[in-house]
Amino acid sequence: MSLDGLAANSNANLILTDSNGATITAPNLSGNASENIRFTLNNQPSNTYYARIYLVTPAVGTTYNLTLSAEAILDSGISDNTTALANTNRDISAAVNVGSYSGTDFVASSGFVTDASDYYKFTLNNNGTIGINLNPSSGNADIQLLNSSGQSLQPASSSTQTGINQDSINRSLAAGSYYIQVYASASSTNYNLQVNFTADAPDQGGNTVGNATLVSLPATVSDLVNTIDTQDYYKFTLNSTALVDIGFTSLSADANLTLQDQNGSAIVPTTTQLGTTLDAIRRSLNPGTYNILVTRGTGTTAANYTLSVVAQTIGLDQAGNSQGAALDLGTLNGSVSGSEFVGSIDFNDYYKFNLNTSSSFNLSLSGLNDNADVQLFRSNGTQVPTTNQTGSTNETITNLPLSAGTYYIRIYPSGSAETFYNLDITVEPQAQQLEINLGSGSSEPDNLTTWNNALYFTANDGTTGIQLWKSDGTTNTRITNASGFNPDDLIVFNNKLYFTATNSTFGTELWEYNGASVTRISDINLNTGSSNPSNLTVVGNKLFFTAVDSSSTRKLWVYNSTSVSLVDINPGFSSSQSPTFTAFNSKLFFTAKNNSELWSTDGTVAGTQVISVGETTKSYPTRFRVVDSTLYFTASNGTSGFEVWKYQNGTTASLLKDITPGNNGFAPTYLTAVGNTLYFVTDSDNDFNLELWKSDGTSGGTVNIRTNGQAPNVGLGSFSLTAVGNILYFVGNDPVTGLELWRTDGTDANTVLVKDIWTGTNASSQPNNSIPTSLVNLNGTLAFAASNGSNREVWFSDGTTANTRKVSNINPTGNANPDRLTVVGTQLFFTANNGTNGTELYVL
């Protein structure tokens with residue numbers, strides 16, 4: 001019953017009476033305060049009850065609101081007021097163990113009907129989680145969970161929500177007997193009690209170090225920790241060094257991880273992520289047995305988890321752990337890659353490398369699953385400034401200019417990081433200008449020749465005229481300083497440098513440089529007359545050349561390191577054409593009789609002979625090429641036209657193969673040796689499509705490569721044939737890509753475009769042409785000049801598209817036009833024009 005709505009300054013009271021008017025209960029509140037009566041009444045025997053409202057102060061009247069309601073008491077009548085009675089009358093174990101119980105009853109602490117507490121007993125067959133919900137209907141009631149002795153669980157487990165708010169208990173329990181107490185809290189009410197039970201899955205983890213559960217990696221385990229099963233132990237064994245990742249992949253409440261050794265000592269302290277944030281441990285470990293401990297987080301009663309354990313094998317450590325033990329990468333020129341690991345068991349990886357010339361240094365540290373950093377040191381310990389990224393972001397060093405010298409790279413983890421990594425290093429030599437004619441004038445370097453690991457050449461410094469020079473790639477040294485000297489035709493013979501040069505007393509004659517001084521060797525055309533030596537060719541311990549004596553006739557001469565003598569065979573060299581000379585089988589082979597015949601000589605008349613080519617006196621041999629023990633050349637026998645011929649010994653050459661029908665006038669060209677194979681270019685059917693051919697020295701083994709009329713056998717075909725190892729590089733003609741770099745190993749399948757360097761088409765819709773030139777073997781790498789549409793610079797290639805790259809940027813806005821590429825050891829010398837200083841000497 002409730003009384004409210006009283007007037008101000010009034011005072012009326014509410015009384016509950018029996019049928020005789022006797023007061024049962026009354027709040028007796030003063031003033032106009034609202035009054036409420038909640039009381040249990042019985043109907044045995046039948047009774048009438050009254051609500052009486054009266055004025056305490058009669059002089060002040062008031063209106064009022066009276067509300068009455070009654071709720072039938074739903075008392076079960078079960079005798080359950082003690083745990084002992086619950087054992088007999090209130091055992092709900094069967095329902096709880098299969099999942100849930102629900103029931104209605106009544107509790108009251110005062111009134112005519114009282115029932116202060118109801119006790120329920122349940123016995124759990126398994127460990128699990130109990131959920132208890134109490135829903136009072138109209139008054140306040142509370143619950144608590146008791147142990148088998150009827151005492152409150154520790155820590156205490158109860159719920160005391162006010163009013164009709166739901167009371168709830170959730171608790172992990174071990175198998176055993178328990179009691180639920182429902183009690184009235186200064187009130188009375190019907191209630192609904194719901195009990196839900198979820199049995200724990202079978203325990204996966206051992207509860208001590210000694211009985212830790214053995215798992216095989218990779219492993220995934222689902223389990224829980226709670227107030228009953230407070231910790232789970234797992235153990236695993238590594239047979240090799242590995243990076244181990246331990247972590248929760250799912251988590252219902254706060255739980256933590258600890259990595260231990262096999263004795264239970266912590267290697268990695270307990271993780272402390274809060275709530276359901278997934279704890280994880282990453283650690284590099286040596287072979288052995290280890291434990292994983294899973295524990296409840298602070299304040300957590302139960303946490304379901306899924307645990308993942310994965311191990312990645314760490315390979316044998318290649319990089320040294322100190323600068324003194326650094327892995328030596330050697331002298332870098334190009335790209336080098338490797339994969340390694342750094343972490344708690346391998347904190348430092350050191351690499352050492354050398355640079356022979358100023359270079360652009362590029363480094364990429366990728367594939368990181370944690371934070372690793374990079375340091376770069378010079379050999380004196382000075383650190384080269386670099387930038388280190390945070391987290392697993394790639395570390396990069398781009399286009400860092402480094403001078404020649406020795407360097408060290410250190411890769412190390414940041415803090416406690418553990419990570420694999422991929423290390424990629426690219427070193428691109430930077431072209432250095434070796435200017436001779438200072439300013440805008442050109443020194444026009446020429447005759448670039450390698451001798452004693454240095455470059456010898458001719459150049460004009462703008463003051464002394466054309467002189468003999470030397471360069472080591474850093475410093476240029478002028479060797480001669482004679483007016484009008486004009487050295488030319490440099491050649492190395494018997495570890496000395498020979499060349500032609502001019503002075504005012506003896507004209508143009510043969511000269512020698514022995515590394516210390518320059519000496520004139522000949523005066524064939526006496527006094528001021530010039531013999532104009534040419535065709536200088538080394539054959540064993542002799543230097544052959546042609547020269548003009550006082551008779552104005554060009555003759556064959558030989559120098560044996562002591563004296564110059566005439567090889568008096570009167571071969572009748574052409575005065576209008578230069579003869580062809582080559583060394584083969586310790587003899588000089590050359591053309592004579594106006595280049596119409598093939599001759600050989602050892603430097604004596606008796607050792608001189610004519611080689612018969614098809615029994616004709618006018619075969620016009622040319623394009624000599626020695627392949628293994630055979631001399632190849634092109635010639636015509638007068639009936640088969642110009643074809644490839646071969647010679648090994650005796651006085652007769654033989655036709656390799658009559659490729660082009662009829663008495664053709666186009667001779668095969670670009671004869672090139674690649675190992676024991678001869679390559680050349682010819683037109684086999686007079687269709688004006690030149691084809692690439694190869695030969696093993698037999699007619700049957702002389703075959704064309706790829707189909708006639710298809711790239712690269714189109715139009716002018718292939719040219720600039722150059723061997724690098726067992727690969728032939730050349731400029732190929734393709735109607736789609738134009739004149740670009742190709743390669744072949746002699747098979748159709750592996751005759752391919754290396755790279756379309758200048759892509760696209762021109763204004764006439766014709767393909768752009770990079771036209772590689774000056775192809776040369778730079779210690780296994782092809783070096784050449786090419787245009788990419790922006791400029792013409794030096795390029796390197798290993799035969800792959802990805803590693804065919806421009807390595808110089810001498811004239812960024814124009815064509816540097818590199819030329820005369822010459823290898824000296826690990827250095828590449830060449831001439832180029834940067835657009836400002838004229839044509840000068842450069843080195844990579």
Side-chain angles (χ1 to χ4, degrees), residues 333 357-360 362 398-401 426-448 455 457-462 466 469 471 473-474 476 719-720 722 729 731-733 737-741 753-776 778 781-797 801 803-823 827-844:
N333 182 2
T357 185
S358 297
S359 302
S360 174
N362 296 272
T398 304
N399 295 328
L400 178 67
T426 300
V427 171
E428 295 185 347
Q430 293 298 287
Q432 303 296 310
Q433 186 188 65
L434 302 168
E435 190 176 17
I436 294 171
N437 191 345
L438 303 181
S440 60
S442 297
S443 66
E444 300 292 349
D446 199 0
N447 295 294
L448 278 63
L455 179 76
F457 60 100
T458 59
N460 188 340
D461 62 6
I466 299 174
W469 289 74
S471 179
T474 301
N476 296 326
F719 57 93
S720 296
T722 303
Y729 290 88
V731 180
N733 188 16
T737 58
L739 297 172
E740 297 289 348
L741 182 66
L753 173 73
V754 174
K755 185 171 186 172
D756 187 2
I757 293 173
W758 188 353
T759 59
T761 58
N762 58 26
S764 301
S765 298
Q766 297 299 309
N768 293 316
N769 303 302
S770 71
I771 312 178
T773 57
S774 199
L775 282 64
V776 66
L778 176 59
T781 295
L782 181 72
F784 59 98
S787 300
N788 63 0
S790 298
N791 48 30
R792 188 170 185 83
E793 296 285 345
V794 177
W795 289 66
F796 286 172
S797 178
T801 301
N803 289 329
T804 299
R805 65 195 190 281
K806 187 175 71 170
V807 296
S808 72
N809 194 28
I810 296 168
N811 191 344
T813 59
N815 292 319
N817 292 323
D819 196 11
R820 298 174 175 82
L821 276 62
T822 304
V823 176
Q827 295 177 302
L828 180 69
F829 289 87
F830 56 95
T831 63
N833 190 324
N834 63 6
T836 301
N837 302 114
T839 301
E840 293 291 345
L841 185 66
Y842 285 80
V843 66
L844 273 168

Sorted by chain and residue number, the side chain to side chain contact (heavy atoms under 4.5 Å, CB included) partners of Thr822 (sequence neighbours excluded) come out as Leu448, Thr450, Leu455
Once you round to the nearest 0.5 Å, how far does [atom1] of [X] lie from [atom2] of [Y]?
X	Y	atom1	atom2	value
Asn762	Asn768	CG	CG	5.5 Å
Ser443	Leu438	OG	CG	9.5 Å
Arg820	Phe830	CZ	CZ	13.0 Å
Asn834	Asn817	CG	CG	12.0 Å
Ser774	Trp795	OG	CH2	16.0 Å
Asn833	Asn811	CG	CG	7.0 Å

With sequence neighbours left out, what residues match Glu793 under salt bridge (charged side-chain N to carboxylate O under 4.0 Å, His left out)? none
Side chain to side chain contact (heavy atoms under 4.5 Å, CB included) evaluation trace for Asn476 with Asp461: CA-CA 11 Å; Asn476 296 326; Asp461 62 6; over 6 Å; no
On a heavy-atom basis, which atom in [X] and which in [Y] lie closest, and how many Å separate them?
X	Y	answer
Thr839	Pro445	O-CD, 3.7 Å
Ala783	Leu778	CB-CB, 4.3 Å
Asn769	Trp758	O-CE3, 3.2 Å
Pro812	Asn809	CA-OD1, 3.6 Å
Ser797	Thr781	O-CG2, 3.5 Å
Arg792	Pro818	O-CD, 3.4 Å

Which residue pairs pass the salt bridge (charged side-chain N to carboxylate O under 4.0 Å, His left out) test when at least one of the two sits in residues 804-817, sequence neighbours left out? Glu428-Arg805
Salt bridge (charged side-chain N to carboxylate O under 4.0 Å, His left out) partners of residues 754-763, not counting sequence neighbours, each pair once: none
Taken in chain and number order and not counting sequence neighbours, the residues that satisfy side chain to side chain donor-acceptor pair (under 3.5 Å) with Asp819 are none
Please list, chain by chain and in numerical order, all residues satisfying side chain to side chain donor-acceptor pair (under 3.5 Å) with Thr722, sequence neighbours excluded. none
Heavy-atom distance under 4.5 Å between the side chains of [X] and [Y], does that happen here?
X	Y	result
Leu775	Leu741	yes
Ser360	Asn399	yes
Leu782	Val754	no
Ile757	Phe784	yes

Could you check whether any side-chain N or O of [X] sits under 3.5 Å from a backbone N or O of [Y], counting only pairs where one atom can act as donor and the other as acceptor?
X	Y	value
Gln432	Thr474	no
Asn788	Ser790	yes
Asn837	Gly439	yes

Candidate pair Val843 and Ser471, rule side chain to side chain contact (heavy atoms under 4.5 Å, CB included), full reasoning: CA-CA 10 Å; Val843 66; Ser471 179; over 6 Å; no
Applying side chain to side chain contact (heavy atoms under 4.5 Å, CB included), run through Ile436 and Glu840 and close with a yes or a no. CA-CA 7 Å; Ile436 294 171; Glu840 293 291 345; 3.7 Å; yes
Run through Asn447, Leu841, Asp446 and flag the one making a side-chain contact (heavy atoms from CB on, under 4.5 Å) with Phe457. Leu841
